[in-house]
Every structure is written in C-alpha cells, then in structure tokens.
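Okay, so here's the structure we're looking at.
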Amino acid sequence: MTAIYKRELRAYFSTGLGYVFCAVFLGLTGFAFSMFTLQPAIGGSDMSLPVYYSIVIIALVVLLPILTMKSFAEERKSKTEQLLLTAPVSLTSMVCGKFFAALTVFAGCLAATCSYYTVIALYCEKPNFGVLYGYIIGIFCLGSAFIAIGIFVSALTQNQLSAAVGTMGVLIVMIGVGFLNSYIDSIFVRTVLSWISLYDRFERFCYGQFDFVALLYYISVCFAFIFLTVRVYEKRRWA
Amino acid sequence: MIKVENLVKHYGDKYAVNNISFTVGEKQIVGLLGPNGAGKSTTMNILTGFLSASSGKVEIDGHDILDDTMAAKRSIGYLPEIPPVYPDMTVKEYLNFVYELKGCTLNRRKHIEEIVNVTKIADVYNRVIGNLSRGYKQRVGIAQALIGNPKVIILDEPTIGLDPKQIVEVRNLIRTLGHNHTVILSTHILSEVQAVCDRVVIINKGRIMADKPIDEISDAVVTRCRLEAAICGPVKEVLYAIRTLNGVTRCDSLKTDGDTTTYIIESEAGLDIRKPLFNLLSSRGWPLVGLNTMGMSLEDIFIALTVDPTKGKSAKAKFVK
C-alpha cells in the first residue's frame, strides 16, 4: 500500500495536478475568507463563517473530483493497472493507497487554510475556537467522503473527464437531497434521504459540537465507497 | 512449475479460451503461438491473475492462482502486451516503485543495477519514461518483470515494436533468462519461437492445436515430402512426365529462367522419389541442374494447423465457380 501511496502522491505533483489543485483551492478560499470573514471582522461586525464555509464546500464539489478523476480512469486507459493487479498487492490496499494519497493532498491544503485564522486571532477579537475546530473537522470529513466517491466513480470509466463530471453530479445530488427534505412529508423517505445527504451531518459540526455519530457516518461513507471500488475491480476480473 | 487444467474463459457465448491444458516444467522456455485474437493474451492474463477463468485451474509453482493468489503472484514477473509504465516517472523512480510494490527483500541497489544492465537501459536510467522510444519502453517493461527475481516470467509479445538489432538482443536475453527462470512468451512471429523456445504451444480460436518440443513440431503435420527441382526441358512434357511418376501427388512449375524451369514436386509421405525422378529425367535427356528438399517451415505448419481445411476448400471452390 505504501508503494502505491507514495507513487500516487508523487504523481500528483509531477503531473502538476496537485499544484493546480492547491493553488486554486487556496486562492478561492483565501479570497472568500477575506471577503466574508476577515472584512466584517475588521469592520467590527460578526465574522460570517457559514458563508465562507459554504463557498469552501462548493469549491470542494468542483475541485475534489478533478483531484480524484485520474486515480483509476488513467490507469485503466494506459493499461498500467495490469501492473498493480498482477502485483502481490490486495485490491483493498491498492484502493486505499490511492484514497490516502488524494486525502493527503486535500488535508495539506485544508491545514494551510488554518493559517487564515491566525490573522484574525492576531488583529481582531478572539474567535470561537470550538466552532472553528468543528468546521475544520467537518470539512475534512466531508472532503474524505467526496474523495472516496470520486475514486469510486473513477474506477467505473476510463475517461477522466467523465469521471470528474460524473463525480460532480453524484456529489451535487447527494448534497442536494438534504434540501429536499423539508418538502417531504413521509418520515420514511426523509430518513432515507438524510442517510444519503452528505450535508446534513456537516451542519452539526458548525455549532462547534463534536458529533461522534456524524464522524462515524463519514467514516462509513468512505469505507462503503472504498469497498464498492474494490467490488468494481473484483467484478471486472470475473467479467 | 506451471500447471494449466481445462482452462475456459467465455464472454457470453463467445469463447476466448476453450478448454486449454498444458504444463510447463522448470527452466523451460515455452512459446504460445497463434494469430491475433487466438486467446494468447487472455491465457496469459489468467495465468497472472489479472483475469479469472470461467472454469479450470491454474497452478504457479504449486500455488493456485485463486486460492493462494499472493504467493502465486509473487512468483510471477509479467510483461503485458502494452508495457505498464507510467509516463510521468523516470526509469529509476519506476523501477524503485515496482521494487516496493512487489515487496522485494533483495538488496535494492544491487538488484536494480543488475536488471538495468541485463536489459541495457542504463543510458536512459534517469530519463522520464514518457520521452523514451517504444523500444526502450518495452525494455523498461521487461526490466519491471524481472524485479524480485520471480521464478516464472510471462512475456506477452516481448519483441513487438523493437528494431531488428533490439529483437536479437531481447531474444538473447530471453534465452539467458531461461537458464534460471521458467519463461512463457506469446508471439505471432514463428521465427521467434524457433529462435528462442524449447517448446511451442500453438493456439487458435481458443484451442490448442499442437503442443510439441520445437524440433518435433514439423512431425505434427507433415504428411507430404516436398522437392524443389530445376530441370532443363520442355515445360509441358516435363510436367506430364513427372505427374505420371509413381507417388507424386503434385507438380507445378514455379519460374522459368532461360531454358531452366523450377518445379515444386510433392509426393506421398515417407516416399523418396529422388532416385526415380533422376532416372526418369536422364532417360528422357532432360538435365537435372538443381534439387532441394524443402522441409515444412513453421509457417507452413502454422497455416496447415490454423486454417480450417474444410473452409479452405469451400473458399477455393467458390473462387473457381
């Protein structure tokens, strides 16, 4: 697994995709942060974290699929997957290696965004750190789930573009269903929808509340999609 | 070392591999020979665990590829049809990656250096694979298969895309590998099998047509003896005379050069017509200026084995009509 993880991580930066992802992600979040959080804070009014974080989520919906699109689609197209699949490595560790490589790039960027808060802490009033930690953990969980989904979709196709667009579609649907909930009367349907909705549980982190159930939910989403990716490969082998 | 039993792989009702069985002993070089789409690559993909067979059994060094996958995979080095190289890596990075991927325990530096020297890629060692020529990529692919010193080496069309000099080099390399490894290679080039392999397995339409040591393969199909004779004399009369000779099944003129005409003469199996032929020609006063026995080349064998004889005839009949 470490071999695949290391190769994948290096590939992100040798192909330039990793740099592009980091640059665009940090540029976008930096801009949003100064617009919606820093300026109000300097002006003395409440800093608006919810707006900032909804922009971060939108950025992730667009950018994370681009980070994960090549993970399996490219291997399949260039036939390099034959090397991985005939090496003495289990399918699970192959998928995990790729998952953690993408997760590392994403986590690195997210860690870099934490530096924004030091600006606030230095020049403005003390922010509510509980809420901040909540947001960061929430975004990390949400991003991990996005990556797991992206890797799964990437394993379904050999075209990177369809992998990226497909992942965006899936993410938008999975976030969108949460907003449908208020229009539906049936409790059963609402329960099902809230299970699919990736956004529902994120909100709990926003109140600065460390919700163990929500954390478990995101971990199981990751597990589920890693498992599904393994199944895709298993099935292709038997096709 | 390798045991394949009743291997079947079908996609829907289309059979890619249909009931193939063979065994390969230790330190043998076996060639899988067949036209494109015969099932060579599918067989190799099943041997390496990339695909699973619909039914049948594969054992590599005593390990079943399905039940004991990791151990079986550990004893295989595989070069697929398209070398599985990452264009964004240098040769050095790539070989180190494969070393880690296979979980090698040999001395890394020494082992990789050895392989680089054997496959002659030392001069591109620090270059990015994406910028290398087809031939070098192919050799990096072979180098990758050798990492970990696996007992079994499986090469899918190893000389494809190489120039004639490189082909000779790779063939020599494969022969040297055969001293310490079991090698299976696939090809549709017959001379390659003749040059490299100890044994040949001919596959067509997913079935084994022949499985013989290389020098015995001719016997599998030889039913006729064939001569090439250069004779001075009137073509029509010579043809008629030879055709009426006892045991001759076919006689055709090939080309005429001055007063000498070259003929192809085929006779029944096991019958030597050279003496009667000479006596006939000398009695008529037609000088025999050249006589060659033509052994059946692997090309002929291949065509004889892989072309369905009934189909061949019907095609001919249609053509005549």
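This is a predicted model, so every value here is computed, not measured. Lettering follows sequence order; numbering is per chain, from 1.
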More than 12 heavy atoms from other groups under 6.0 Å of CZ on A:Arg231: no

Spacing of B:Leu95 atom CG and B:Thr90 atom OG1 [to the nearest 0.5 Å]: 8.5 Å

Atom pair CZ (A:Phe205) and OH (A:Tyr135), whose distance is rounded to the nearest 0.5 Å: 12.5 Å

Spacing of NZ belonging to B:Lys9 relative to CD1 belonging to B:Ile20, to within rounding of 0.5 Å: 13.5 Å

Proximal component of B:Tyr99, with respect to chain A [non-hydrogen, under 4.5 Å]: neither

A:Tyr116 and A:Tyr52 aromatic ring geometry - parallel, tilted or perpendicular at 30°/60° bounds: perpendicular

Heavy-atom contact with chain B under 4.5 Å, split by part of A:Glu74: neither

Nearest heavy atoms of A:Lys79 and B:Ile82, plus distance in Å: CG-CD1, 3.9 Å

Working for side-chain hydrogen bond (donor to acceptor under 3.5 Å, both in side chains), residues A:Thr80 and A:Ser78: CA-CA 5 Å; A:Thr80 45; A:Ser78 61; 3.2 Å; yes

Portion of B:Leu101 that has a non-hydrogen atom of chain A nearer than 4.5 angstrom: both

Heavy-atom contact with chain A under 4.5 Å, split by part of B:Tyr11: side chain

Heavy-atom closest contact (B:Gly39 atom, B:Thr43 atom, distance): O-OG1, 2.5 Å

Parallel, tilted or perpendicular, as decided by the 30° and 60° cut-offs, for the rings of B:His10 and B:Tyr15: tilted

Which portion of A:Ser93 sits near chain B, non-hydrogen atoms under 4.5 angstrom: neither

Closest heavy-atom pair and its distance - B:Ile189, B:Thr187: N-OG1, 2.8 Å

Donor-acceptor side-chain pairing of B:Thr159 and B:Glu192 below 3.5 angstrom: yes

Considering all heavy atoms, the nearest A:Thr167-A:Gly150 contact: CG2-CA, 3.3 Å

Minimum heavy-atom distance B:Leu146-B:Pro150, with the two atoms named: O-CD, 3.4 Å

Heavy-atom pairs under 4.5 Å with chain A, option from B:Gln144, B:Glu93, B:Glu81 with the top count: B:Glu93

Residue-level contacts of residues 63-75 of chain B with chain A, using a heavy-atom cutoff under 4.5 Å: B:Ile65, B:Leu66, B:Met70, B:Lys73, B:Arg74

Atom pair CG/CG of B:Asn18 and B:Leu7 - distance to nearest 0.5 Å: 10.0 Å

Sorted by number, residues from residues 3-27 of chain A in contact with chain B (heavy atoms, under 4.5 Å): A:Ala3, A:Ile4, A:Lys6, A:Arg7, A:Arg10, A:Ala11, A:Ser14, A:Thr15

Side chain / backbone / both / neither for B:Asn45 at chain A, heavy atoms under 4.5 Å: side chain

Within residues 55-73 of chain A, residues adjacent to chain B where the heavy-atom gap is under 4.5 Å: none

Neighbour count >12 (heavy atoms, 6.0 Å) for atom CZ, A:Phe227: no

Heavy-atom contacts under 4.5 Å, residues 118-132 of chain B to chain A: none

Residue of the set B:Leu32, B:Asp156, B:Thr48, B:Ile153 for which side chain to side chain contact (heavy atoms under 4.5 Å, CB included) holds with B:Ile184: B:Leu32

Nearest-0.5 Å distance, OG1 of residue A:Thr191 to CD1 of residue A:Ile196: 11.0 Å

Heavy-atom closest pair, residues A:Gly178 and A:Ser197: CA-OG, 3.4 Å

CZ/B:Arg207: more than 12 non-hydrogen atoms of other groups inside 6.0 Å: no

Structural part of B:Phe97 lying under 4.5 Å from a heavy atom of chain A: both

Proximity of A:Phe33 and A:Tyr117 rings by center, below 6.0 Å: yes

